[in-house]
Amino acid sequence: MPAGELTPLTDLERDALGELSNVAMARAATSLGQMIQLEVRLSVPTVEILTPQAAIAIVSKPGNPNLVAVRQDFTGAFSGRALLIFPEANSLELVRVVVGRQLPLEDIVDLEDEALAETGNIILNSWVAVLANLLKRSLKMSLPVVIRRDQSHIFDTVGPRESLILFLRIKFDISKREIHGYVALMMDIPSIEQLRSLIAEFVNSVTRGAD
């Protein structure tokens, strides 16, 4: 199926992915809260499967030409790339909360990449772990890398492989502060199709259990 002929998620697929997202984000919120000793809530208002071009259109905001992302690749039964993405202003706000506002600004800037990498590692590993459990496969994650790119190149990959993106808008609520970002899982089309097939199985099993 060419990316240009992407079939939108059905309501059942979206609900199932929303349920899986909530499980992943609850796990991530607990881990992140333990790390920073603050109450953390993470919610996922929307989940979609998009082309890279459609995802770029969502993350492209006037006045925020540059994005900061934590990138981790995953390999195993299938491979892909996971990204936790923020506009630059939001990334610094998250770092201020994570490392503590009592620090001088220059110290916060020095710790920015380390804090972002650790936060991304927690959130992305939680999502990939839930995905691996759904697929009943083992997936290995690379170490987190912080990247900075303009909006149009945030989803660039090496090579001609055609990818689709499992795209989640996420909302952080930390110490009464709201910070918005995105999680993007880039996978090739066969992996996306396998995921949709397993989502269908998941929906059928839940439906049968409710009968």
Side-chain angles (χ1 to χ4, degrees), residues 9 12-49 55 68-86 90-91 93-100 113-146 165-187 191-192 194-196 198-203 205-206 209:
L9 288 171
L12 282 175
E13 287 177 327
R14 190 175 290 106
D15 289 345
L17 280 170
E19 183 175 336
L20 293 168
S21 300
N22 287 330
V23 171
M25 291 300 103
R27 181 182 304 178
T30 298
S31 299
L32 190 58
Q34 291 171 346
M35 182 180 80
I36 66 176
Q37 298 298 301
L38 291 170
E39 183 181 5
V40 177
R41 295 180 181 177
L42 292 172
S43 59
V44 182
T46 59
V47 184
E48 291 289 352
I49 293 177
V68 178
V70 182
R71 183 184 72 202
Q72 290 182 266
D73 294 341
F74 53 91
T75 56
F78 62 91
S79 61
R81 172 166 292 172
L83 295 164
L84 175 65
I85 305 166
F86 300 98
N90 273 10
S91 71
E93 180 66 16
L94 177 63
V95 171
R96 283 179 179 272
V97 174
V98 170
V99 304
D113 280 10
E114 181 181 344
L116 285 172
E118 185 59 28
T119 302
N121 189 51
I122 289 171
I123 292 172
L124 296 177
N125 267 285
S126 294
W127 227 108
V128 172
V130 167
L131 187 61
N133 287 339
L134 173 66
L135 298 172
K136 297 180 173 62
R137 298 289 189 274
S138 176
L139 297 174
K140 182 178 179 180
M141 295 284 284
S142 68
L143 293 174
V145 176
V146 177
I165 297 176
L166 180 59
F167 190 86
L168 301 82
R169 302 174 199 242
I170 59 173
K171 183 175 73 174
F172 295 74
D173 186 349
I174 305 174
S175 190
K176 299 181 180 179
R177 295 185 177 277
E178 282 193 8
I179 302 167
H180 297 266
Y182 311 94
V183 168
L185 299 181
M186 301 180 66
M187 291 179 277
S191 294
I192 287 284
Q194 184 182 15
L195 174 62
R196 294 186 81 154
L198 287 159
I199 291 170
E201 292 179 16
F202 174 76
V203 170
S205 68
V206 171

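Note that this is a predicted model, so its numbers are computed, not measured.
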Determine which pairs satisfy salt bridge (charged side-chain N to carboxylate O under 4.0 Å, His left out) with at least one residue from residues 19-40, sequence neighbours left out, and list them in order. Glu39-Arg41
Can you see which heavy atom on Ala29 is nearest to which on Val40, and at what distance? CB-O, 3.5 Å
Apply salt bridge (charged side-chain N to carboxylate O under 4.0 Å, His left out) to Asp73 and list each qualifying residue two or more places apart in sequence or on a separate chain. Arg81
Contacts under 3.5 angstrom, residues 115-125 side chains, donor-acceptor by atom type, not counting sequence neighbours:
unit_1, atom_1, unit_2, atom_2, d
Thr119, OG1, Ala115, O, 2.9
Asn121, OD1, Gln72, NE2, 3.0
Asn121, OD1, Asn125, ND2, 2.6
Asn125, ND2, Asn121, O, 2.8

Report yes if some heavy atom in the side chain of Leu9 is under 4.5 Å from a heavy atom in the side chain of Arg196; otherwise report no. yes
d(Met35 CE, Thr30 OG1) to nearest 0.5 Å is 13.0 Å
From Tyr182 OH over to Thr46 OG1, what is the distance, rounded to the nearest 0.5 angstrom? 9.0 Å
dist Leu166:CG -> Trp127:CH2 (nearest 0.5 Å) comes out at 5.0 Å
Nearest 0.5 Å please: distance from the OG1 atom of Thr75 over to the CG atom of Leu139. 7.5 Å
Closest heavy-atom contact between Ala24 and Ser126? O-CB, 3.5 Å
In a check of side-chain contact (heavy atoms from CB on, under 4.5 Å) between Val183 and each of Val44, Ile85, Ile170, Leu83, which one passes? Ile170
What distance separates Ser79 OG from Phe74 CZ, expressed to the nearest 0.5 Å? 7.5 Å
Does a side-chain heavy-atom distance below 4.5 Å link Phe172 with Met25? no
What is the distance from atom CG of Leu131 to atom OG of Ser21, rounded to the nearest 0.5 Å? 10.0 Å
